[in-house]
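For reference, the structure is listed below as structure tokens.
As the structure is a prediction and not an experimental result, all values here were calculated from the model. Each chain gets a letter, A, B and so on, in the order its sequence line appears, and its residues count up from 1.
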Amino acid sequence: RGCGPRSAGGSASCAGCASGWRPSWRGGDTAEQEEDGERERDEAACGARQPSAAEPARGDAGDAEDEDGARGLRERLAAELARGDSGDADEEDEDDDEEEEEGSLGFPAELPPLPARSALSAAEILRYSRQLVLPELGVRGQLRLARSSVLVVGCGGLGCPLAQYLAAAGVGRLGLVDHDVVETSNLQRQVLHGEARRGRPKARSAAAALRRLNSAVQYVPYRGALRPRSALRLVRQYDIVADCSDNVPTRYLVSDACVLAGKPLVSGSALRLEGQLAVYNYRGGPCYRCLFPRPPPPDTVTNCADGGVLGAVTGIIGCLQALEVLKIASGMGSSLSGYMLMFDALEGRFRNIKLRPRKADCAVCGDSPSVTCLQDYEAFCGSCATDKCRALQLLPGADRVSVQQYKALLDARVPHVLLDVRPPVEAEICRLPHALHIPLRSLQDRDQESLQRLQNRIGEEKQRTDDQTPLPVYVVCKLGNDSQKAVKILQELPAEEFGSVVAKDIKGGLMAWATKIDSTFPQY
Amino acid sequence: MAAPVSLQVEFGGGAELLFDGVKKHQVTLPCQPEPWDIRNLLKWIKQNMLKERPELFLQGESVRPGILVLINEADWELMGELDYKLQDQDNVLFISTLHGG
Ligand SMILES: [Zn+2]
């Protein structure tokens with residue numbers, strides 16, 4: 001199957017690849033980039049596995065205007081037959097089809113440009129009539145939308161509403177990037193994914209939902225994280241990029257890739273009850289690095305899992321992002337270049353902040369840039385591009401116990417204090433009944449009333465012991481990060497007041513307790 | 001001798017959590033020999049408003065990376081950054097950038 005060693009640049013390096021292989025994106029979301037799936041991709045591109053006639057024909061790419069109309073029609077007919085329905089596919093069946101094909105198809109080496117269009121069909125005129133009569137858009141704007149491709153980085157709280165409105169409005173092609181699978185805690189804000197999609201890749205789930213909304217749009221799901229080695233090649237294939245990601249390294253990666261590829265970036269973010277929106281690298285305006293030349297210290301960054309977020313807030317920001325994308329794509333132009341729109345949901349207030357212009361000394365878009373290719377952004381930011389590895393290691397192993405070890409201590413009725421240091425709002429959600437609750441913040445502030453409660457509880461427990469050995473204080477939080485910080489504080493408490501104690505944290509926190517010890521304990 | 005300066009100091013994007021969760025603060029800076037600038041305001045905030053963990057807000061004599069400073073709703077870069085001379089009734093907003101989605 002050899003095409004020889006693959007080049008660093010990607011898959012289209014073999015002369016033999018070009019012939020015979022039909023890009024599988026035509027089949028909608030059959031084209032898929034698996035995480036770290038370059039091998040599969042290369043095999044597909046090299047013709048190691050030729051798609052059969054039926055495969056690309058799962059066909060909902062809606063290419064009625066395809067220059068090869070007869071083949072398109074044949075393929076779509078085959079697809080309808082293969083699906084055993086006449087277009088109104090039950091959503092579960094559709095998903096099952098996708099599941100069967102998972103991992104079997106390669107990555108589209110290069111997406112062909114969307115065809116230029118000179119007129120709308122009668123069906124399109126009817127479908128888009130409410131926006132066609134807007135003089136700011138009109139037929140000309142609609143035709144531009146149909147030729148536009150948008151890369152959506154992140155199919156979560158922002159990406160779902162963004163992609164939904166872009167698909168409904170009739171953009172030509174949507175690339176959908178997400179490394180994650182749908183989880184129950186996503187459903188509150190990631191409104192394209194239904195209950196039945198839990199456990200399925202988000203990129204694929206989004207494509208399936210969007211296809212039901214507008215089958216004329218081409219959807220290209222990429223199941224995998226955007227990575228420095230592939231980001232530039234991907235971004236170059238799209239006209240506009242929407243950053244709907246949830247972490248700092250990805251924000252720098254997307255921004256740098258957009259500068260290097262010369263693409264406008266519509267960037268949204270949301271947390272708690274606030275949101276922010278900006279358009280970068282557009283018509284001479286600043287890029288993300290112009291604003292933020294240095295990344296924030298990792299311990300100052302809060303994600304949605306820890307800080308919380310309301311779905312209506314991500315929805316508002318995602319819709320605003322969609323609006324700016326539509327304005328850019330249709331030729332109206334964005335009014336937000338050089339501005340940041342900030343939304344405070346509690347106050348019901350928007351602010352439009354005037355930003356600095358492009359910086360001549362910017363590391364990537366400046367006059368003599370030092371960043372000329374994509375870097376290791378996780379190292380640059382000191383944090384992970386996925387939120388799966390947030391575990392801190394502040395304490396030596398001897399100062400930590402597993403949930404299993406703690407369960408054994410509990411069963412053996414060993415005298416101890418269990419200290420829960422989560423914020424009050426989380427303790428209200430669920431708690432272990434025997435735990436003493438003192439938020440980490442109160443410990444950090446050395447709150448006297450809280451320390452007194454701790455001292456009292458330690459005194460009570462000590463009456464059950466011989467008072468010779470130090471009393472163990474086990475500290476627990478949600479995931480085992482804050483508990484380590486609390487242990488460090490407890491280790492500095494004066495022994496004359498608190499007596500002899502030894503503080504340890506419970507690794508993985510209450511979520512580990514829920515998954516490994518007590519499955520009835522709520523996860524959140 | 002510069003007259004006292006009254007400001008509205010605001011925090012957002014989570015930065016308010018370092019200030020008891022309060023977003024809007026009416027601040028009156030006392031008389032002092034030199035005019036008040038942002039550099040001095042940051043020192044004053046550290047001494048008078050920021051009780052714990054100043055490293056989550058400040059770095060050196062400036063704000064930490066990831067906090068945008070806005071003076072009367074404009075990026076402080078446009079206004080002279082640390083050297084901006086505060087005027088009575090100015091609005092100074094410190095916004096922590098959000099990354100969630
Ligand atoms: Zn720049």
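A/Thr300 contributes atom OG1, which lies 7.0 Å from atom NE2 of B/His99 (distance to the nearest 0.5 angstrom). Note that CG of B/Leu98 is 8.5 Å distant from CD1 of A/Ile317, once rounded to the nearest 0.5 Å. Rounded to the nearest 0.5 Å, atoms CE (A/Met342) and CD (B/Glu73) are 9.0 Å apart.
The parts of A/Arg294 that come within reach of chain B are both its backbone and its side chain, each placing non-hydrogen atoms under 4.5 angstrom from that chain. Interface residue B/Thr97: backbone and side-chain heavy atoms are both found under 4.5 Å from chain A. Of the atoms belonging to A/Val301, it is side-chain heavy atoms, and not backbone ones, that fall under 4.5 Å from chain B. Only the backbone of A/Asn352 comes within less than 4.5 Å of a heavy atom in chain B; its side chain stays farther off. Of the atoms belonging to B/Leu17, heavy atoms from both backbone and side chain fall under 4.5 Å from chain A. Using a 4.5 Å cut-off between heavy atoms, B/Leu56 touches chain A through backbone and side chain atoms alike.
The backbone N or O of A/Arg356 sits less than 3.5 Å from a side-chain atom of B/Asp75, completing a donor-acceptor pair.
By the 4.5 Å heavy-atom criterion applied to side chains, B/Leu68 and A/Gln276 are not counted as neighbours.
Heavy atoms of other residues, nucleotides or ligands lying less than 6.0 angstrom from OH of A/Tyr339 number 12 at most. Around the OH atom of B/Tyr84, the shell of radius 6.0 Å holds more than 12 heavy atoms that belong to other residues, nucleotides or ligands. The environment of A/Lys488 atom NZ is sparse: at most 12 non-hydrogen atoms of other residues, nucleotides or ligands sit within 6.0 angstrom.
Nearest heavy atoms, B/Gly14 versus A/Arg272: CA-NH1, 3.6 Å. When all heavy atoms of A/Cys304 and B/Gly101 are compared, the pair lying nearest together is SG-N, 3.7 Å.
Using a cut-off of 4.0 Å between Lys/Arg side-chain N and Asp/Glu carboxylate O, B/Glu77 and A/Lys354 are scored as not salt-bridged. Look at B/Lys23 and A/Glu274 and you find a salt bridge, because one of the NZ, NE, NH1 or NH2 atoms lies within 4.0 Å of a carboxylate O, short of that distance.
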Determine all donor-acceptor pairs shorter than 3.5 Å in which one atom belongs to a side chain in residues 3-12 of chain B; sequence neighbours excluded.
residue	atom	partner	partner atom	Å
B/Gln8	OE1	B/Gln26	NE2	2.8
B/Glu10	OE1	A/Arg351	NH2	2.6
B/Glu10	OE2	A/Arg351	NH2	3.4
B/Glu10	OE2	B/Asn91	ND2	2.7

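The candidate from B/Ala74, B/Pro65, B/Gly66 with the greatest count of non-hydrogen atom pairs under 4.5 Å with chain A is B/Pro65. Your options are A/Pro357, A/Gly154, A/Ser245, and the one with the most heavy-atom pairs under 4.5 Å with chain B is A/Ser245.
For the salt bridge (charged side-chain N to carboxylate O under 4.0 Å, His left out) test, no residue two or more places apart in sequence or in another chain qualifies with A/Asp447.
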